[in-house]
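In what follows, every heavy atom counts, from backbone to side chain, and hydrogens, waters and symmetry copies are set aside. Sequential numbering from 1 along the given sequence is applied to the chain's residues.
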Amino acid sequence: PAGGGAALDGALLRARLAAQLPAYLLPAEIVVLDALPRTATGKLDRRALPDPGRPTPESSRQAVDSRRAPRTSMERLVADLWKEARGVDRVSVDDTFIDLGGHSLLAVRVSAQIKKKARLRINPSQMLLQTLGQCAASLAKRRATSA
């Protein structure tokens, strides 16, 4: 419980941060703890903190419930490249590359793969800030206008 017994909601906190911060500064995951773990001497027990890379059962359930699978061939292509680059099993049309833990160097690699496989160019910084759906739609539009 945070501040006066009120429960802290990770999704609400993320929404409030999103209203005040640019997308690239948002944390990929928010872990809510009832209390910080302490050692016998009262210091913070860093080893007892949960691994932020490993989702909690509750966050996994919420993520699975809210995921929208890629629908178009371009969305599937981009999703496959993002999954490969980040080593994840599933991505949502609503995920950003940063949400998946991507960074600028990986974005450059993925943009090179998109150029190789789809014969289309994408600015890596554009890919970082757009959702998978937006990125794929932009590529599909570019493909349609060049044809």
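Using a 4.5 Å heavy-atom threshold, the side chains of Met127 and Leu81 count as separate. The shortest distance between side-chain heavy atoms of His103 and Leu128 does not fall below 4.5 Å. Side-chain atoms of Pro50 and Leu33, non-hydrogen and from C-beta on, do get closer than 4.5 Å to each other. Between Arg38 and Lys43 there is no side-chain heavy-atom pair separated by less than 4.5 Å.
Within the structure, every pair that satisfies the ring pair (Phe, Tyr, Trp, His ring centres under 6.0 Å) test and touches residues 79-99, not counting sequence neighbours, is listed here: Trp82-Phe97.
Val78 and Ile98 fall within the same hydrophobic cluster, where Ile, Leu, Val, Met, Phe, Trp and Tyr residues are linked whenever their side-chain heavy atoms come under 4.5 Å apart, directly or through other members.
Ala69 and Val93 get closest at one heavy-atom pair: O-CG2, 3.4 Å.
Take Ser125 and apply the side-chain hydrogen bond (donor to acceptor under 3.5 Å, both in side chains) test, not counting sequence neighbours, and it matches Asn123. Residues satisfying the side chain to side chain contact (heavy atoms under 4.5 Å, CB included) criterion with Gln134, sequence neighbours excluded, are Gln130, Thr131. Remark: Lys115 engages no residue in a salt bridge (Lys or Arg N to Asp or Glu O under 4.0 Å) (not counting sequence neighbours). Partners of Asp45 under the salt bridge (Lys or Arg N to Asp or Glu O under 4.0 Å) rule, at least two apart in sequence or in another chain, do not exist in this structure. Not counting sequence neighbours, the partners of Arg16 by the side chain to side chain contact (heavy atoms under 4.5 Å, CB included) test are Leu12. Here Leu17 pairs with Leu13, Leu21, Leu26, Pro27, Ile30 under the side chain to side chain contact (heavy atoms under 4.5 Å, CB included) rule; sequence neighbours left out. With sequence neighbours excluded, no residue forms a side-chain hydrogen bond (donor to acceptor under 3.5 Å, both in side chains) with Ser104. By the salt bridge (Lys or Arg N to Asp or Glu O under 4.0 Å) test, Arg71 is found to be paired with Glu75, residues two or more places apart in sequence or in another chain being considered. Qualifying side chain to side chain contact (heavy atoms under 4.5 Å, CB included) partners for Lys83, counting only residues two or more places apart in sequence or in other chains: Asp80, Val88, Val91.
Between the side chain of Arg86 and the backbone N or O of Leu100, at least one donor-acceptor pair lies under 3.5 Å.
The distance from the CG atom of Leu120 to the NZ atom of Lys141 is 13.5 Å, given to the nearest 0.5 Å. Atom OG1 in Thr72 sits 6.5 Å away from atom CZ in Arg76 (nearest 0.5 Å).
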- Message: Checking Leu49 against Leu36 for the side-chain contact (heavy atoms from CB on, under 4.5 Å) test, could you report, in this order, the C-alpha distance in whole Å, the side-chain angles of both residues, the deciding distance, and whether it holds?
- Response: CA-CA 8 Å; Leu49 289 170; Leu36 292 174; 4.3 Å; yes

- Might you work through the side-chain contact (heavy atoms from CB on, under 4.5 Å) test for Ile122 and Cys135, ending with a clear yes or no? CA-CA 9 Å; Ile122 185 166; Cys135 181; 3.2 Å; yes

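Of the N and O atoms on the side chains of Ser138 and Arg142, at least one donor lies less than 3.5 Å from an acceptor on the other residue.
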Per-pair distances, 0.1 Å, donor-acceptor, side chain in residues 105-114, under 3.5 Å, sequence neighbours excluded:
unit_1, atom_1, unit_2, atom_2, d
Ser111, OG, Ala107, O, 3.3
Ser111, OG, Val108, O, 2.8

